[in-house]
Amino acid sequence: MDATGQQEQHTGSVGGDLYGVLLYYKYAEVPDAAALAAFYEAHCRSLALVGRVRVGPDGVNATLGGQMNALEKHIAEMSSNDLFVGTDFKLASCDDPVDERVARECGFTSLSVRVVKELVTLCSNPALAPPEISSAGRHLSAAEFHSVLQNVAGTSLNAVASVEKKEVVVLDARNVYETLIGKFNVPNAKTLDPEIRQYSDLPSWIDKHAEQLHGKSILMYCTGGIRCEMASAYIRSKGEGFENVFQLYGGIQRYLEQFPDGGYFEGKNFVFDHRISVGSLKENILGACLICGSSFDDYSSRCRCSHCRMLVLVCPTCQDSTEEYACELCQKNGKEPCQLSTGQDCKIQRGLSESFEKPSISYHNVTSKVSWSDGSEQPKRLRILCLHGFRQNASSFKGRTSALSKKLKHITELVFVDAPHELSFVYQPIRGHCSDKPSPLSVTPKRKFAWLIAPNSHCNPEQNWRAADVPFDPLQYQQQTEGFEESYTYLENAISHMGKFDGILGFSQGAAMAALFCRQQQKMCGFPKFRFGMFCSGYPAPVGDFGNEPIKLPSLHCFGNGDGHDRQIANRASAELAGLFEQDCCSVVEHDMGHIIPTRSPYIDRIKDFLSSFL
């Protein structure tokens, strides 16, 4: 099966060599989310399953891939738990993932089990309480849903009685890049496509278009059903005139199983796994190339808008001639595709910010094409802004990553900058112990910097050493809550001086700062200004509130696997940071090494694969 081909629906026990995908969710009170997540971790790994599992106090949401017999064992195990009584396990057989890049971006090369605050985030404003899931709309089976549509279209007299009393509107609860390739098309019915970038934009659309919903029978649908649960509850929470809300149980997936010819669904169903999309027997194409307008509905190239990072449809011919794109929504807001600058070789010395009295920084802006030894041309290298860790500097971080730079020299240009907060020179005195090592007081100190600092920190640079006030605390990063505003302004100045960057890389506190920087850009501009981010041994900095809206940036998170090798940043802290990013383009590389960026296989291969997708 190709990326948009047919899937074979699961109807019973099958051979163990077939590959399959399993989707299910369950809204129920989970008394101990951490314990259930730990069970999932052990159980799924024992069956060699990959994919995503999210466990929250309000239930479970899972998308898993693996051998069909393993998935059937998983279903049997979960069905024996009273928590999953009545759960709709949607299992379909399909071909093995053939495009590793797509599988990796969709999270289908490894297992990711995380504890979350809520299964799906309907509203990005943390001050607003989510609606009660018990108020969700009534479930309609695929057959019932189809019957109502038949009645609206005038092809049947049979329908669900409670629906036919009022005018019917059909509401799509999915994102615009999903609806572009497939949606319900019902004669004589009003179909509403909110054209949203992300699910958390749906409440504001509902608020603005409430008059189109008031007094109507609202039929909602999404991919597998989970997004309709919370969204239907939100509509019904508006009170009188919004009571008649119905949702397609099992989503488009169950509908296409029931009606393999497509029924009233046109095009293909976008899915969040390596299949990318699943069609019906119609094999019609609804999508169109963003550039030339030709019929096209294949997202396997993973082209994204240069501004908001949303997936866009670009045919192979246009991919060869155009490197950057502006999605339909950004074009409506007057934004144009970014133009890549070829640039020139240059060496520039410039102070970043007079207010910080920083030393001028030297950087080298390479040309878009560089020559290989055989005379052929190499594609433009990715320019990456690198942020060092706490009590480091650009020079030391450049030295520590020299092996990484060599491994990536053909595809990246790493640019290093000092943080703005200069720290005092401190040493940890060794009491009651003789040592032949020279005293720190006799060593010429090297300037150290930080992106975030603790309250009342000693941040005035001194020309001599002082003893540390307290023993080194590996959890000191949890107290570093100040200095972000200065660091944000400083980085904006640096970028304006040094020019455009493709991506940002942060290590330890630098990773925490990089995430904060992208979050702030998203708050101010609607999206981060980088094409991707790399976060190594990072953690969510205790600064401000990330809110419920994910950071919309393709991201790679590289950190220790939890076996105690990284004694500075816990595995769970780095995993928590990864959970703050948009999950359909979030990759995780867990290694068995310490507080470093690994440069040996297979880890460096995963890093190269991630970067290569942006060349």
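Worth saying up front: this structure is predicted, and the values here are computed from it rather than measured.
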Does anything in residues 82-91 pair up under side-chain hydrogen bond (donor to acceptor under 3.5 Å, both in side chains), and if so which pairs, sequence neighbours excluded?
Asp88-Arg254
Distance check, rounded to the nearest 0.5 Å: [X] atom [atom1] versus [Y] atom [atom2]?
X      : Y      : atom1 : atom2 : value
Ser277 : Asp298 : OG    : CG    : 7.0 Å
Arg309 : Ile551 : CZ    : CD1   : 14.5 Å
Lys552 : Arg519 : NZ    : CZ    : 14.5 Å
Ser555 : Ile504 : OG    : CD1   : 12.5 Å

Do Phe581 and Phe535 make the cut of ring centroids closer than 6.0 angstrom?
yes
Suppose we call two aromatic rings close when their centres sit under 6.0 Å apart. Are Phe559 and His591 close by that rule?
no
Going by atom types only, do [X] and [Y] share a side-chain donor-acceptor pair under 3.5 Å?
X      : Y      : result
Ser232 : Arg236 : no
Gln583 : Arg114 : yes
Tyr19  : His274 : no

After noting the C-alpha distance and the side-chain angles of His146 and Tyr264, does the key distance pass the side chain to side chain donor-acceptor pair (under 3.5 Å) rule?
CA-CA 8 Å; His146 184 78; Tyr264 289 103; 5.3 Å; no
Exam field: side chain [X] to backbone [Y], donor-acceptor pair closer than 3.5 Å:
X      : Y      : answer
Asn81  : Phe84  : no
Asn175 : Tyr177 : no
Arg606 : Val588 : yes
Glu549 : Ser200 : no
Ser79  : Ala76  : no
Thr179 : Val176 : yes

Stepwise side-chain contact (heavy atoms from CB on, under 4.5 Å) check, Phe270 with Ile181:
CA-CA 7 Å; Phe270 183 97; Ile181 66 171; 4.0 Å; yes
Run the ring pair (Phe, Tyr, Trp, His ring centres under 6.0 Å) test against [X] and tell me which residues pass, sequence neighbours left out.
X      : value
His214 : Phe242
Tyr221 : Phe184
His139 : Tyr249

How would you list all residue pairs meeting salt bridge (charged side-chain N to carboxylate O under 4.0 Å, His left out) that involve residues 37-56, not counting sequence neighbours?
Glu41-Arg45
For Lys238, what residues pass the salt bridge (charged side-chain N to carboxylate O under 4.0 Å, His left out) criterion, not counting sequence neighbours?
Asp207
